[in-house]
Peer 1: 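Right, I'll just put the structure down here and ask away after.
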Amino acid sequence: MTEIEWWDYDDAEEMAAAVAGDIQFIIESAIDARGGAVIALSGGKTPVPIYAKLAAAKLDWKRVTIVPTDERVVPLGDPLSNVTMIAKAFIPKGARVMPIVPTATADYKAAGRSADALMQDLHWPLDLCLLGVGGDGHTASIFPGPDLDEALAGPRERRALGVMPEPLPPEAPVPRVTLSREGIVTARALLIAVTGAEKRTVIEAAIKQGAGSAYPIGRVLADVELPVDIHWAA
Ligand code: 6PG
C-alpha cells in the first residue's frame, strides 16, 4: 500500500510557492549529501509557475542537473517541447538542463533508446521526480497504447523508452519519450503537482483501483515504496 499525502491549496500560485520550496530543500539536501542534485521535472503547463518561483531561489545551480520526466518527439525550441520550457527557466541560472530528444525523428522507439542511453549516464537514483497528471490519467508520458506494458514493467535497468500514445492526446498529438515507471518510483523523492477538480477525481479513482487501474497514474503509484506527496490546487 503506497503512503500518499494530499496537500491542498486555494490557488495555483500558493501551490507553486509551496512546491518550489519543497524542491529547493530537496536540491539543497542533495548538494550537501552528494555534492550535486539530479532531478526530473514534468512538462505541460501546470509547473510553469512552480519553475518561475524555483528559479528565483538562491541555490548553487551549477551543481544541479535537470532532465524532463518526458518529452514530446519534436525539435528543440518547438512550442510543444518540454525541455525548452524547462530550459527557459533554469539555463539562465546556470543549471545543466539535458534535452532527451536531441533531434526529432520519425522513429519514436529509436528516440526512446537514445534517451535511455543519455539517462544511463546520470547519477541514479534521481534526487527528485516531479510528476504532472493529464485529465485522461496519464503521467509523465506513460499513456495507454502499444508501449504501456514496457513503460510500466519493462526491464529494470530501462530508465527511458519511446511511447506512442493511443489515442494521441489533443494538447500534444505526437509520440513521446518518457521515464519508465522504474525510473520514476526509484527516485529519492516523488512529488505530484496538479490543479482542478477533474484531475483530483481521476487521481483518487486511479489510486483506489491500484495496479489494475485503467489510468496509468494508478498503475504507476500502486505499491510504491517511498511516500508520495500530491500537491493540489483548485
Ligand atoms: C507532457 C507532460 C505530461 C503533463 C500532463 C499534465 O509532456 O504532456 O509531461 O505528463 O504533466 O499532461 O499537463 P498539464 O500540466 O499541461 O495539464
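For ligands, and for the atoms within them, numbers begin at 1 and follow the listed sequence. Keep in mind that the numbers below use all heavy atoms, side chains included, and drop hydrogens, waters and symmetry copies.
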Peer 1: Taking it one step at a time, do I100 and M119 satisfy side chain to side chain contact (heavy atoms under 4.5 Å, CB included)?
Peer 2: CA-CA 8 Å; I100 55 174; M119 295 276 190; 3.8 Å; yes
Peer 1: Which atom pairs, donor and acceptor, lie under 3.5 Å between side-chain atoms of residues 208-222 and protein residues at least two apart or in another chain?
Peer 2:
unit_1: Q209; atom_1: OE1; unit_2: S213; atom_2: OG; d: 2.7
unit_1: S213; atom_1: OG; unit_2: Y215; atom_2: N; d: 2.9
unit_1: S213; atom_1: OG; unit_2: Y215; atom_2: O; d: 3.3

Peer 1: So, for F90 and W61, is the gap between ring centers shorter than 6.0 Å?
Peer 2: yes
Peer 1: Between D8 and R200, does any side-chain N to carboxylate O distance fall below 4.0 Å?
Peer 2: yes
Peer 1: Which pairs would a plain distance check flag for residues 10-19, meaning a side-chain donor or acceptor within less than 3.5 Å of a matching protein atom at least two apart in sequence or in another chain?
Peer 2:
unit_1: D11; atom_1: OD1; unit_2: E13; atom_2: N; d: 3.2
unit_1: D11; atom_1: OD1; unit_2: E14; atom_2: N; d: 2.9
unit_1: E13; atom_1: OE1; unit_2: K53; atom_2: NZ; d: 2.8

Peer 1: According to side-chain hydrogen bond (donor to acceptor under 3.5 Å, both in side chains), does anything in residues 173-185 pair up with another residue at least two apart or in another chain? List the pairs.
Peer 2: S141-R176, R156-E182
Peer 1: Ligand 1: which residues have a non-hydrogen atom closer than 4.0 Å?
Peer 2: G43, G44, K45, T46, D70, R72, N82, G132, V133, G134, H138, A140, R176, K199
